[in-house]
There are 4 protein chains.
Amino acid sequence: MTDHPRPDPIQADSDAHSEHHRIPEPEIRHPNPAGVRRVAVLTSGGDAPGMNAAIRAVVRTGAQQGIEVVGVRRGFSGLHRGEFRLLGPRDVANTLQRGGTLLLTARSRTWRTPEGRAEGAAHLREWGVDGLIVIGGDGSFHGGYALQEEHDIPVIGVPGTIDNDLYGTDHTIGYFTAVETALGAVDKLRDTGASHERIFVIEVMGRHAGHIALDVAVAGGAEEVFIPEDAKPVGTVVDIVRQSVSKGKLGSIIIVAEGYPGGAQGVADAIAQGTGLETRVSILGHIQRGGSPVSSDRILASRLGEAAVYALMDGKRGVMVGRTSGLFTYTPLPETWQKSKDVSHDLYRCAKTLSI
Amino acid sequence: MTDHPRPDPIQADSDAHSEHHRIPEPEIRHPNPAGVRRVAVLTSGGDAPGMNAAIRAVVRTGAQQGIEVVGVRRGFSGLHRGEFRLLGPRDVANTLQRGGTLLLTARSRTWRTPEGRAEGAAHLREWGVDGLIVIGGDGSFHGGYALQEEHDIPVIGVPGTIDNDLYGTDHTIGYFTAVETALGAVDKLRDTGASHERIFVIEVMGRHAGHIALDVAVAGGAEEVFIPEDAKPVGTVVDIVRQSVSKGKLGSIIIVAEGYPGGAQGVADAIAQGTGLETRVSILGHIQRGGSPVSSDRILASRLGEAAVYALMDGKRGVMVGRTSGLFTYTPLPETWQKSKDVSHDLYRCAKTLSI
Amino acid sequence: MTDHPRPDPIQADSDAHSEHHRIPEPEIRHPNPAGVRRVAVLTSGGDAPGMNAAIRAVVRTGAQQGIEVVGVRRGFSGLHRGEFRLLGPRDVANTLQRGGTLLLTARSRTWRTPEGRAEGAAHLREWGVDGLIVIGGDGSFHGGYALQEEHDIPVIGVPGTIDNDLYGTDHTIGYFTAVETALGAVDKLRDTGASHERIFVIEVMGRHAGHIALDVAVAGGAEEVFIPEDAKPVGTVVDIVRQSVSKGKLGSIIIVAEGYPGGAQGVADAIAQGTGLETRVSILGHIQRGGSPVSSDRILASRLGEAAVYALMDGKRGVMVGRTSGLFTYTPLPETWQKSKDVSHDLYRCAKTLSI
Amino acid sequence: MTDHPRPDPIQADSDAHSEHHRIPEPEIRHPNPAGVRRVAVLTSGGDAPGMNAAIRAVVRTGAQQGIEVVGVRRGFSGLHRGEFRLLGPRDVANTLQRGGTLLLTARSRTWRTPEGRAEGAAHLREWGVDGLIVIGGDGSFHGGYALQEEHDIPVIGVPGTIDNDLYGTDHTIGYFTAVETALGAVDKLRDTGASHERIFVIEVMGRHAGHIALDVAVAGGAEEVFIPEDAKPVGTVVDIVRQSVSKGKLGSIIIVAEGYPGGAQGVADAIAQGTGLETRVSILGHIQRGGSPVSSDRILASRLGEAAVYALMDGKRGVMVGRTSGLFTYTPLPETWQKSKDVSHDLYRCAKTLSI
């Protein structure tokens with residue numbers, strides 16, 4: 001019947017367990033063939049919860065390895081203006097749990113010009129910086145990559161964006177918190193939706209991708225989800241809602257990714273016109289960017305910040321550190337914006353299956 | 001210098017991105033070569049947040065596939081007493097976000113006897129059940145496996161325990177929420193610890209393993225972590241604390257896994273004796289088992305509940321469904337308790353590195 | 001110098017304290033001069049967190065006093081259609097912590113007609129109901145009062161609305177939770193606002209009143225607050241923002257009550273036109289209605305639900321039970337909509353003072 | 001039947017409402033007959049959430065009124081050692097939402113000696129301080145009052161303690177957050193208690209008083225509550241639990257104040273011996289002291305911090321500012337420890353009534 005070993009005796013709810021392997025005290029010293037002595041770090045683009053945890057990890061890993069860390073304020077804007085400051089382990093104490101970014105972030109038009117980047121490179125050389133760590137999204141990696149290519153300064157990317165739309169990592173720093181915040185809002189709206197037997201159409205962030213929407217839909221038990229990757233015609237929307245209502249559900253939750261054509265308002269309008277049913281639209285907006293990061297973001301940020309310093313020590317350049325299928329990986333920066341990270345087909349099916 | 005394609009023009013913070021692939025409407029129908037028509041589901045062992053999401057996924061996947069689902073109350077205790085009830089999609093509405101288990105859970109001495117299991121098997125046959133899904137930990141899988149081996153009823157395990165101590169899956173249902181709850185407590189204790197410049201020694205759950213402790217230590221920025229897998233002598237503890245204090249930190253957070261010899265009290269006593277420093281002990285206890293599940297647990301539970309029904313439809317038996325490195329996998333039930341899932345050496349190193 | 005008794009000896013941080021008075025086991029039986037044997041309860045208008053706690057209190061106080069409680073579903077709509085059901089203590093178990101209302105709520109056009117109310121009265125008589133408890137806002141009290149006046153059925157109002165805009169009680173059930181939810185959003189937006197050094201203009205609920213806005217402004221440390229009670233001209237707005245920016249603050253939080261002319265968008269437009277500064281608008285919307293009630297709402301709801309039953313037993317009719325300055329009070333229903341509850345001038349001053 | 005005006009027409013759920021009174025732009029300038037130019041502020045005793053909000057209010061009210069504020073670190077310990085620093089409005093930016101106290105707190109044996117207090121007074125005179133604001137509990141007020149009496153320096157107390165055990169104010173700063181934290185834990189334990197059908201005996205803080213316990217019991221729907229003010233004999237406990245179990249409840253929650261003789265463990269032991277039922281004990285401990293303050297604590301702290309500065313400007317001395325029945329009041333410091341603030345008899349009755 002089966003060739004699996006059979007436990008004997010049987011102990012339901014027993015405390016039996018195999019012995020865990022002993023693990024040794026970890027070796028903390030990392031080799032430094034690249035001879036790195038000083039690195040700079042900045043955050044750029046939209047802020048994301050966990051950016052502070054990543055900065056802290058860069059600073060403390062540096063300190064642990066005898067490498068000085070220079071913090072650059074206001075992203076590339078501060079880089080070309082030379083807003084630099086040395087950061088020690090105590091400067092990042094008590095920041096792990098804070099949302100936002102202590103290094104601030106800003107847009108920079110100047111950085112898009114070769115002159116702007118040359119000024120930034122000059123500042124980095126003045127400060128004796130051996131490599132730059134950029135925490136941000138694909139636009140930020142563009143900016144960092146140009147610096148490296150034009151001025152031969154090694155750049156390492158750390159994926160920090162709530163949208164999770166970067167090729168080369170399963171998750172980006174801030175994504176888990178954004179999903180959790182959106183889910184908290186969905187749970188609240190379900191309470192009031194059920195009490196009034198109303199349809200709530202909720203728009204979540206994600207730029208051009210449906211990652212947040214799909215996770216929130218499955219975790220929030222949404223009746224329907226609309227993502228840019230499957231741009232169904234409006235007629236289908238209306239049919240789906242009619243079916244949902246006919247199942248006798250008390251209130252419905254419909255999740256719409258901001259990248260879906262027409263957004264939540266478009267879906268709500270289509271439902272109103274097609275069914276005559278009353279809907280409420282809720283656009284969650286910027287609250288999804290803030291807040292104390294959840295554990296998964298703090299841990300991911302801590303690991304990737306550490307990995308970014310090691311990457312520079314190992315002589316890596318022009319790559320993003322990421323985590324894919326549980327392994328820490330390097331992806332050439334250009335691939336992060338040239339290749340696409342698809343949403344999970346299986347998760348999409350799961351969302352449909354469980355909304356019966 | 002590099003052979004990676006070079007983006008042109010440079011757009012810092014740009015909105016440029018590759019096109020996401022379109023994905024088709026998912027195929028929901030799953031083949032049913034095993035001809036399953038009715039399955040039973042129960043929860044057993046310690047409850048874990050997300051168990052309700054898993055039950056809901058089993059019930060709704062069943063309904064979607066034309067399979068009836070029988071809910072068994074109070075785990076194996078209810079199985080041998082025949083506490084059965086058919087569950088439809090509406091019976092599990094609004095349960096996804098609830099902690100605990102709507103099917104209840106209990107210990108059963110009777111189930112440890114062949115007679116008890118024979119009674120359970122008889123009830124399952126009366127009800128025409130083609131397979132049993134057991135949501136729980138290794139003790140529960142023992143109980144389910146014995147039923148299968150003795151009475152030829154296919155059993156599928158779904159990993160539901162906050163301790164994350166099951167071989168065959170990277171994470172267990174409830175683990176993420178338990179970490180988050182413990183982390184919330186650590187954040188609070190850090191506030192008061194810093195204000196009083198005190199050492200807090202905090203004990204977290206995890207049975208014989210250090211998974212929760214290690215994640216909480218990294219995410220909570222602990223100054224030190226003690227796990228059963230690295231049972232350092234007490235003298236080392238004292239030295240570590242002395243170093244930590246000498247760094248001039250305002251308050252210290254020390255995380256101790258419940259499986260570490262002596263627990264948090266033992267560590268605190270050693271510190272008091274060795275350094276004369278005052279400490280506060282906090283044993284978080286059962287709050288780590290409750291609460292609304294976080295998104296990661298709800299999603300994992302939804303996927304594994306779905307997978308468990310498909311496994312029975314595919315003719316699988318005696319396996320646990322799990323997720324490893326992003327893939328859904330089957331592990332023979334006996335391996336789940338015979339093999340050990342180690343904590344991550346790299347995460348342990350990261351905890352040490354960042355506590356500088 | 002002072003005539004106050006002088007403590008001796010001095011004990012900083014001492015544990016000295018006066019003896020607390022012993023209190024006796026409470027007398028639970030309440031007199032019932034009105035001879036009430038059965039009461040009905042409904043929720044009406046917008047749902048508010050804590051309504052379930054109020055329903056539970058009505059049901060359990062009834063059970064404790066030997067009075068049967070009939071739950072009416074869907075507010076006045078269900079009242080005129082006779083959607084009635086007896087509720088016992090176990091029917092409301094595990095509902096205290098749930099948002100929304102288990103009795104549902106709905107709008108009813110029919111109830112605005114004498115015929116509709118006559119049908120409702122007939123159903124109440126059929127069921128032998130001696131009094132009706134209406135949990136809701138001023139519109140709901142209108143509806144209840146008309147029933148009493150036309151059909152001589154005693155009606156008691158319980159203030160349940162997040163807007164806190166009812167004369168006759170310091171706080172309404174749901175208000176504390178709405179403030180807390182809005183505050184949680186403000187805390188998150190401050191993170192991202194500070195990181196980008198941006199102005200966030202946040203619109204909170206409150207209908208025609210500034211209660212929520214003012215509490216959120218003080219608790220959230222807003223730089224400015226706009227309430228309907230002080231409809232300053234747009235020019236003032238712009239000056240205020242200029243001053244705030246000139247103080248060198250990293251990001252600004254501006255709270256706008258939904259009742260303020262033009263709302264958050266109007267304020268943001270005025271700022272953009274007058275200063276050229278970039279703003280972000282966030283309209284928090286319906287999330288403020290949902291979620292598990294905070295302790296203050298649960299306790300207020302429990303006390304007022306209990307008080308409503310006692311009021312009927314005492315022969316009261318046509319009044320709202322409320323809590324004013326710590327005392328439980330009765331206010332004639334018409335006063336609840338005819339008189340106005342002003343926001344606190346002192347709190348308004350405090351908001352201004354602390355935003356320096 | 002009634003002489004109340006009758007609304008016509010009836011509008012259920014209508015938007016009708018009376019006009020709110022316009023309020024004028026507030027007058028921010030406060031008179032300063034006492035000619036105060038510089039005040040000092042410290043936090044003392046156990047830390048409480050909202051202490052930072054109170055410090056911020058003192059600093060910013062001072063700045064607004066042209067008064068300098070000196071922050072004293074580590075309570076009376078720092079006072080006698082002269083750990084002083086001027087605080088401006090920006091120094092307290094972004095602190096409102098933080099738990100703990102940025103001024104730190106500590107115990108001081110030296111302060112209990114006249115010599116220690118003389119040193120503190122000398123430091124205050126050196127710095128030209130016109131008055132001292134002490135944020136803390138009764139022990140801290142003792143310490144402050146002695147300073148005033150011996151050295152003629154006006155002292156104002158601000159009630160900051162989670163225990164709510166101070167005469168002269170309905171609530172103390174930190175109390176609301178402590179109740180909310182404890183309630184969050186009770187909600188989680190109820191999940192797991194119901195799933196296992198277990199009795200949870202939960203110990204909450206409150207020193208010698210039952211305030212936290214009683215609020216948590218009502219808000220958490222506890223089956224029973226044990227407070228020091230009603231020290232029932234053990235036999236009664238057992239009878240109560242037997243009754244509760246016989247009602248067929250799924251799991252029971254029993255709240256015990258830390259000041260109740262024997263604490264949670266004593267109650268659990270009595271139940272185990274008297275009924276043979278299995279219980280779980282959970283002692284929530286120090287988590288109740290930490291965390292971001294809830295809105296009620298932030299608002300109370302902001303108002304009382306403001307009021308403390310005004311009190312000194314008005315020439316008050318040796319009093320605690322408090323809020324009683326919605327009014328801001330002064331209580332001579334000695335009364336705060338000589339008089340007792342009783343728990344509410346009515347709330348105690350409510351707890352019993354609703355646990356049916």
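Letters A, B, ... are given to chains in the order of the sequence lines, protein chains preceding strands, and every chain is numbered from 1.
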Classify the ring geometry between C:H171 and C:F176 as parallel (under 30°), tilted (30 to 60°) or perpendicular (over 60°). tilted
Could you check which of C:G75, C:G290, C:S282, C:P49 has the highest count of heavy-atom pairs closer than 4.5 Å to chain A? C:G290
Do A:R280 and A:E278 sit within salt-bridge range, that is, some charged N less than 4.0 Å from a carboxylate O? yes
Is it the backbone or the side chain of C:T43 that comes under 4.5 Å from a heavy atom of chain A, or both, or neither? neither
State, to 0.1 Å, how close A:G143 and A:W111 come at their nearest heavy-atom pair, and which atoms those are. O-NE1, 3.0 Å
Can you check whether A:D91 reaches A:V59 side chain to side chain, under 4.5 Å on heavy atoms? no
Do you know which of A:I283, A:L102, A:L284, A:T181 has the most heavy-atom pairs under 4.5 Å to chain C? A:T181
When the 4.5 angstrom heavy-atom criterion is applied to C:D187 and chain A, the contacting part is neither
